[in-house]
Amino acid sequence: KIMLDRVEAALDKIRPFLITDGGNVKVLEITDDFIVKLELEGACGTCPMSPMTMKAGVEEALMRDVPEIKGVVAVNVAEV
């Protein structure tokens with residue numbers, strides 16, 4: 001729970017940029033090996049730049065603010 005709160009706090013710092021572009025992210029899971037699984041919402045789900053946004057923006061921000069995080073994965077909920 002505490003880890004989720006820290007991840008959400010880190011995401012809240014970058015959410016305004018995602019929302020400005022018509023998108024957002026939702027935390028689906030934090031695995032036992034500290035991989036954060038995110039669902040890309042809105043425009044982020046179909047944006048061709050989203051893989052770069054995930055790596056350069058979201059993952060970097062999360063790993064800076066929550067150093068325990070080992071990686072970030074975008075999950076397409078439609079595929080699950």
Side-chain angles (χ1 to χ4, degrees):
K1 174 82 174 117
I2 291 169
M3 177 69 73
L4 177 61
D5 290 343
R6 292 174 60 209
V7 167
E8 288 286 359
L11 288 174
D12 284 344
K13 292 181 181 178
I14 60 169
R15 274 197 172 105
F17 302 106
L18 300 173
I19 291 167
T20 296
D21 288 334
N24 205 341
V25 292
K26 179 169 97 180
V27 178
L28 297 176
E29 179 185 2
I30 302 171
T31 67
D32 292 337
D33 52 353
F34 298 104
I35 302 296
V36 178
K37 294 185 178 182
L38 297 175
E39 176 186 356
L40 298 174
E41 298 181 321
C44 289
T46 57
C47 176
M49 296 301 288
S50 64
M52 197 168 98
T53 301
M54 284 297 294
K55 283 290 177 198
V58 178
E59 184 175 73
E60 190 176 291
L62 281 178
M63 293 172 83
R64 181 183 60 237
D65 288 4
V66 189
E68 301 92 326
I69 297 299
K70 301 289 186 261
V72 178
V73 177
V75 176
N76 184 340
V77 175
E79 296 173 0
V80 176

Heavy atoms of Val7 and Val66 approach each other most closely as N-CG2, 4.1 Å
Ile35 meets the side chain to side chain contact (heavy atoms under 4.5 Å, CB included) criterion, sequence neighbours left out, with Thr31, Asp33, Lys70, Val73
Sorted by chain and residue number, the salt bridge (charged side-chain N to carboxylate O under 4.0 Å, His left out) partners of Asp32 (sequence neighbours excluded) come out as none
Residues passing the side chain to side chain contact (heavy atoms under 4.5 Å, CB included) test with Ala61, sequence neighbours excluded, are Ile14, Arg64
Salt bridge (charged side-chain N to carboxylate O under 4.0 Å, His left out) filter on Arg6, not counting sequence neighbours, yields Glu68
Taken in chain and number order and not counting sequence neighbours, the residues that satisfy side chain to side chain donor-acceptor pair (under 3.5 Å) with Glu8 are Arg15
Between Met3 and Ile30, the two heavy atoms sitting closest are CG-CD1, 3.8 Å
Sorted by chain and residue number, the side chain to side chain contact (heavy atoms under 4.5 Å, CB included) partners of Glu41 (sequence neighbours excluded) come out as Asn24, Lys26, Glu39
Would Leu4 and Val25 show up in the same hydrophobic cluster when neighbours are defined by side-chain heavy atoms closer than 4.5 Å? yes
Closest heavy-atom pair, Glu59 versus Val72, reported as atoms and distance to 0.1 Å, is OE2-N, 3.0 Å
